[in-house]
Every structure is written in C-alpha cells, then in structure tokens.
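Per chain, numbering begins at 1; letters A, B, ... match sequence-line order. Since we're looking at a predicted model, the values are computed, not measured.
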Amino acid sequence: MTLAAQVKHAAYDALRHLYPDTPIDMNTITVNQTKPEFTGDYTIVLFPFLKLLRQKPDAIGKQLGDHLLENTSIFASYDIVAGFLNLTIKDSYWVSFLLGHHTRTDFGQQMKTDHRVMVEYSSPNTNKPLHFGHMRNIFLGAAMAEILRADGKQVIKANLINDRGIHICKSMIAWQHYANGATPESAGIKGDHLVGDYYVKFNDIYKEQVAALIAQGKDEKTAEKEAPIMAEAQDMLRKWEAGDKAVRDLWETMNNWVYRGFDESYKKMGITFDKVYHESETYLLGKKIVEDGLAKGVLFRKEDGSVWVDLKADGLDEKLLLRGDGTSVYITQDLGTAKLKYDDYKLDRSIYVIADEQNYHLQVLKLIMKKLGEPCADGIYHLSYGMVELPTGRMKSREGTVVDADDMVSEMVRLAQEQTEAAGKTEGFSGDELAKLYETIGLGALKFYLLRVDPRKKMVFDPKESIDLHGFTATFIQYAHARICSILRREQLPLVPDATRFQSFKQAEPISINEKEMLVQLEQYPAILADAAAEYNPASLCNYAFKLAQTFNTFYDVHSISKAESEEKKDLRLMMIIMTASILRHSMGLLGIRMPEKM
RNA sequence: GGUCCGGUAGCUCAGUUGGAUAGAGCAUCAGCCUUCUAAGCUGAGGGUCAUUGGUUCGAAUCCAAUCCGGAUCACCA
C-alpha cells in the first residue's frame, strides 16, 4: 500500500475510534502531499469534518494528531494550520523503505494477472511511408503496451496493416502507367517511399483529369466520378477482390517493398510487435459477419444491393457496410478484425490506438458488434489521441508540410550529435559508443516530445522546440541518470548493488529537506505507474520522471554524495541515488527511452 | 445544424476524488563551475484559469448558459 493510502487508512481508523457515534465515509478523507511552504509530508484536510463532528478544526486536528502519534508507528509529529493537519513521517520509515527497495529493478511493477489486453497501434496503409503523425500513434501504443504489462496485464502488441483497398490500387495504377518497371533497388529508394511517390503521382493525375472535365463544363461531383484514372483504380479493386492473378501479383510485389521499408523504420525506432494482422486476411470475415447480421435481421439491404445498419436509435445515422457491388468498405474489414482478434486471444480488452478524427468510426464499430451480439464488443476501447499540428496549422500532404518519419529520426540523431560535439562531451567514447549515444539522445528526445503531452489533447509540433535538449526533455532525465552513474563508478558500485552492501546501515542523523523531497517522490512511483495504466496516459510518467530528475539535480547541488558529512549520510544518499536511477530507467524504459550511463 | 473534444503566463504544457499564496519548461533578465558531469543549479518579472451565473466553509476543478477553436456527421481509408 502506498504511503498516502496508509495515511488515509490510519486517519479513517483514528476517526472511527475517536468518534464512534459519527459514521465517517472514507471518501470524505482527503490526503494531500504537504505544500513545501509548510512543515510536514502528508496533509489531512479537516474541513469536511467540522459540520459532521460539530467541533473546531484545531480541536479535531489535535485529537486526530495525538491519536495517530500514539497508535501508529509511521508519524513523527504533526502541525495544525488553519484546518489542515500536516503530518511528518518518521525518518525510520524512509530508512526502511530505502533498505527494502533500493536493490529492486522492478519497483512499481504489479504482479502478473491473467487479464489479456491487446494494444493495436501503428496500423499503416501500404500506399505511403510513415510520417510524423504515425509516430505519435506508434510511440503512444508501444508505451501503453509496456505500461499495461508493468501493470500486470498479459499484453499482445498488434499491428494491423491496411494492405488492401482503393488506396493501394491507386499506387498500383500509377506505378503501372509511369514507373517503367522501377523497383526500390533500381531506383535506389526505400520501398515505402517509392510506392508513396506513385500514390502522390496518382493524385496529381487525378486532379488534372478532374480539372479537365470541369473545364468541359461538368460539375465537380460528376467530374470526380468520371475521371478515367479513378475508374481504373476502382476496376482494379474489383479485380483484386475477384482474385485476378496479375493484379494480386503486382499487389504482393509492391506491398513487400513497403513492408521492407516499414521494417527498417520500425527497427530504427525500436518498435516491435507480437502479432501482425493484414486486412486482406480479415475483410472476408468482415463480409461474413455482415451476411450473418443480414440473416439475423440486424442489418438490412437496400434496392441497389448495398447493406446498411440502422443506428438511429442510438442517436447516429444509417451506416453503409457493403457497397452495391459487394465490395467492402473501411468498417467492414474492421468488423472482421475485431472478431478475429477476440477469437485468437480471448481478450478482456482490445485497445485501438487511433486518432480522434475516427471517434465516430470506433463508436460505430463497437455499436455494430454489440448489436450483432459479438462477445468482443464490450472489450473494444478506443485510445483516442489528438492530431499533431504544426505551428502554422495541420500537416497537409498536399502542401508538402508532412514530416517524414525516417527523416525526423535521422534529423534528431544528427542534432544530438551536433549538440554533443558543441558541448565538447565526446571524449572517452569509441566511435561506436558515440553513434549509440547520439541515437539514444536523439530518439529519446523525439519519443519524449511526443509522449509528454496528454494523448487526448491535440499537440503542436514546433520544430524549433523539439530540437531543444534542455528543460522538460528526455535529455534532461538522461543527464541526471548519467550523473548518478558517474558517482557510482567513482564509488566502484554497480548500478544495482547486491543486498548485502548496505545491510548493516543504521540511521543516526536526521533526514534533510532535500533528501526528504527525493524520498517522497521515490515512494510515489508505484502509484504514478498504476495511474498511468489506469488512465492510459504515458504523459504522467514523463511528468513524474522529469520532476524526479529535477529534484535529484537540486539534491545533487545541495548535498555531496561522495564527500558526505559522514559515512552514514553517504550510504543513505547512495541508496537514494541508486533507487532514483533504477526508477528513471524503469519509467523511461516503459516509454522506449534508454538511459545512458555516460553522456 | 447534430454529436464529441478543447480554451490555464508571450509560447508549449502540468494541475489527482473540489482544499492552503494556481505550477513547470521555453523565451527575457540577474547570479553560480579550484569541490561527485554547468545538457546543471538559484533568483526575478510574467495570470480576469475564455465569459457570466449557480452549488459550498472552499471552485481552474462540479452544474447551467454564452463566446471562441478543432474534429466528425463519405459507397475515402
């Protein structure tokens, strides 16, 4: 149980004992961390009891404080300030906390349960390379998967590749017309970028054709429908669904180019998956689900043969599930995938990391599954995140403002190198070590930048700010970690000492304010981690780790560790910084950010 | 227009189930390296928590209305 919870329970027991005739609800007890300007560690708010007990705050505070001091072992003293009971925790509590946990590398982690969770993220289309918007998705999904795993869940990291549909056909058509058989090898371009180039080409041609038709006097809608290249793409989609060999072969070839490109990008980003789904393998199941729904009478068919679901009773509209020509739409394949995921793993929860522009889509998906009586429906959870925007507004591929993922990673690594060299911190490293360090810093900065904001909020990507390695950044945290490692090297201690090293530690001197600040934060890590899991919010880990690093830096400035006032103080501080480094590694590790031992 | 999300310092963001004088980072200004890594530390300035009303001992937080911004309401994915 966390310290804050212990305080709350102690207060509850005390109040019940002191006022047996007045029932007190646990929820009326508020325990906060004491503000730094007051003496104490944790504060019980007395106001809620005034009316209940018909006494003045000072009187209640005194009785409660006295009782807590006499009947529990964790409090050293108390202080009442205007309705707040500030409690100071005994130094011995902190000492035993340190002795009990400083050798752990998994402090904060929960026991494994059999609760099964799938986290789906990345989920790219195979018609263009990954861009900056994907990166928020990818890092968020990967971080959430690790956080949930640390929270005791059985986690399956899944990638759903959107490998079929009209968008792929567009790239294929343009490639057929304009590529002269170019391959990634012959063109010297990464496969995903090559295919993406032809998707762009398609759109250019399409726009030209529409413009030409409008010039001939057609209205916009008709022009969009009649553009010949679009008709070709649609024809190709039908052939694909019919299993046309030539189309399937080209499709396979081009997709494989893209996969090799993606794999390279994922590898660079340090991203892995446990399971990969392809929509080409699930859309038929989706169609089957629709047909079953039709048979059950949950869905209905219109005159043109298209199939719909009526969601008016749920405040939504009618939604198309199959086109008149029998081809499936976006949501059709999602129905199949949702069921398949559930059947594969018997999931308690299935998390979709998808941008908030698809809130409606996910709502519809869950609703349809529920209507169809599929058991997977209840577990569907949309982890909806806000879009990444530039200071000038939304990124638009049309205007060429989309930031490419591969470029972004190399740029950040390059900047890490530039700034490390400028700071003159390259001595004592081999070439390989430096390359690894730049990657650790650059990639860490990027991940942290994208994860430090509450995922639900849309965020602004300011290129100028993202390259800053000062302040609220991964670099700041990495630096604190490297400082700790440096001290441990000097003391000839491993990052995690064995349990006998501080076994005979006996506390003699009082804990200082700066020491206490660190201890309070160290103790809170398990609660922060549990909260990040419960709220699906990696940003709280970013905030916590930054604060911990900040507190360490101040502590480091105020107190010498190697030259502490006494051997006893030195040991105490060594245990503290060992634990600090372990928690920084653990928390940032969940976000996929490495902590260097030297920088 | 319907639905959903958001509005906190010049900028980017924190702010637990309502609790003490609303906090960080960046930017600006002033200090701190003969002492464990200055990618650091200390301090200063900077706020009508969009607005108005309500609930209460107490509201950035809860409720209502209004204003502003965004997303979505496709036989695109």
Range-with-range stems of RNA chain B (Watson-Crick or G-U pairs under 3.5 Å, three or more in a row): B:1-7 with B:67-73, B:10-13 with B:23-26, B:28-32 with B:40-44, B:50-54 with B:62-66
Residues A:Arg573, A:Glu565; criterion salt bridge (charged side-chain N to carboxylate O under 4.0 Å, His left out); working and verdict: CA-CA 11 Å; A:Arg573 289 173 191 165; A:Glu565 305 87 282; 2.9 Å; yes
Nearest-angstrom distance from the residue atom NZ of A:Lys128 to P of B:A77: 12 Å
A:Ile441 side chain, from C-beta outward: closest of B:A39, B:A77, B:U35: B:A39
Summary of side chain to side chain donor-acceptor pair (under 3.5 Å) pairs that have at least one residue in residues 524-534 of chain A, sequence neighbours excluded: A:Gln33-A:Gln524, A:Tyr42-A:Gln524, A:Tyr525-A:His586
Touch class at under 4.0 angstrom, heavy-atom based, for A:Asp304 against every strand present: base
Any residue meeting salt bridge (Lys or Arg N to Asp or Glu O under 4.0 Å) with A:Glu120, in chain and number order, not counting sequence neighbours: A:Lys341
Whichever of A:Glu597 and A:Gly471 has its nearest RNA chain B nucleotide further upstream toward 5': A:Gly471
Proximity to the side chain of A:Thr420 - top-ranked nucleotide from B:U12, B:A39, B:C13: B:A39
CA sep, side-chain torsions, deciding dist, call: A:Arg164, A:Glu241, salt bridge (charged side-chain N to carboxylate O under 4.0 Å, His left out): CA-CA 9 Å; A:Arg164 46 139 268 126; A:Glu241 291 212 6; 3.0 Å; yes
A:Lys302 with A:Asp304: basic N within carboxylate O range, under 4.0 Å: no
Side-chain N or O of A:Lys457 closer than 4.0 Å to phosphate OP1/OP2 of B:G7: yes
Sugar-phosphate, base or nothing in reach of A:Ala482, heavy atoms under 4.0 Å: base
Strand contacts (RNA chain B) in residues 547-562 of chain A, 4.0 angstrom heavy-atom criterion: A:Gln550, A:Asn553, A:Thr554, A:Tyr556, A:Asp557, A:His559, A:Ser560, A:Ile561, A:Ser562
N or O in side chain of A:Arg164 less than 4.0 angstrom from B:C76 OP1/OP2: no
pi-stack flag for A:Phe38 and B:A20, centroid dist under 5.5 Å, interplanar under 30°: yes
Contact list for residues 554-574 of chain A, test ring pair (Phe, Tyr, Trp, His ring centres under 6.0 Å), sequence neighbours left out: A:Phe552-A:Tyr556, A:Phe555-A:His559
By side-chain contact (heavy atoms from CB on, under 4.5 Å) - contacts of A:Asn27 (at least two apart): A:Asp25
Nucleotide of B:U12, B:A20, B:A38 approaching A:Arg483 most closely (side-chain heavy atoms): B:A38
Short side-chain N/O contact from A:His470 to OP1 or OP2 of B:G25, under 4.0 Å: no
A:Ser512 vs A:Glu515, side chain to side chain donor-acceptor pair (under 3.5 Å): CA-CA, chis, key distance, verdict: CA-CA 5 Å; A:Ser512 78; A:Glu515 289 164 344; 3.3 Å; yes
Spacing of the C1' atoms in B:C67 and B:U52 (rounded, Å): 11 Å
Got a list of side-chain donor-acceptor pairs under 3.5 Å for residues 44-57 of chain A, not counting sequence neighbours?
{"residue": "A:Gln55", "atom": "OE1", "partner": "A:Gln63", "partner atom": "NE2", "Å": "3.0"}

P gap between B:G54 and B:G70, integer Å: 32 Å
4.5 Å side-chain heavy-atom contact, A:Leu322 and A:Ser306: no
Under-3.5 Å donor-acceptor pair between A:Lys458 side chain and B:A71 base: no
Residue-level proximity of residues 41-52 of chain A to RNA chain B when a heavy atom falls under 4.0 Å: A:Thr43, A:Val45, A:Phe47, A:Pro48, A:Lys51
Listed pairs, N/O of protein and of nucleotides 27-30 of chain B, under 3.5 Å:
none

Listed nucleotide nearest any side-chain atom of A:Met599, set B:A20, B:C75, B:A39: B:A39
Where at least one partner belongs to residues 483-495 of chain A, residue pairs that pass side chain to side chain donor-acceptor pair (under 3.5 Å), sequence neighbours excluded: A:Arg483-A:Asn553, A:Glu491-A:Ser562, A:Glu491-A:Lys570
Whichever of A:Glu535 and A:Glu389 has its nearest RNA chain B nucleotide further upstream toward 5': A:Glu535
Nucleotide nearest A:Lys563 when distance is taken to its side chain, options B:U35, B:G40, B:A20: B:U35
C1' spacing across the pair B:A39 / B:A77, given as an integer number of angstrom: 43 Å
A:Lys312: partners by side chain to side chain donor-acceptor pair (under 3.5 Å), with sequence neighbours left out: A:Glu318
Parallel, tilted or perpendicular: rings of A:Phe461 and A:Phe132 (30°, 60°): tilted
Sugar-phosphate only, base, or nothing, as touched by A:Asn86 at under 4.0 Å among non-hydrogen atoms: base
Residues from residues 352-360 of chain A lying under 4.0 Å of RNA chain B - heavy atoms: A:Asp356, A:Glu357, A:Gln358, A:Tyr360
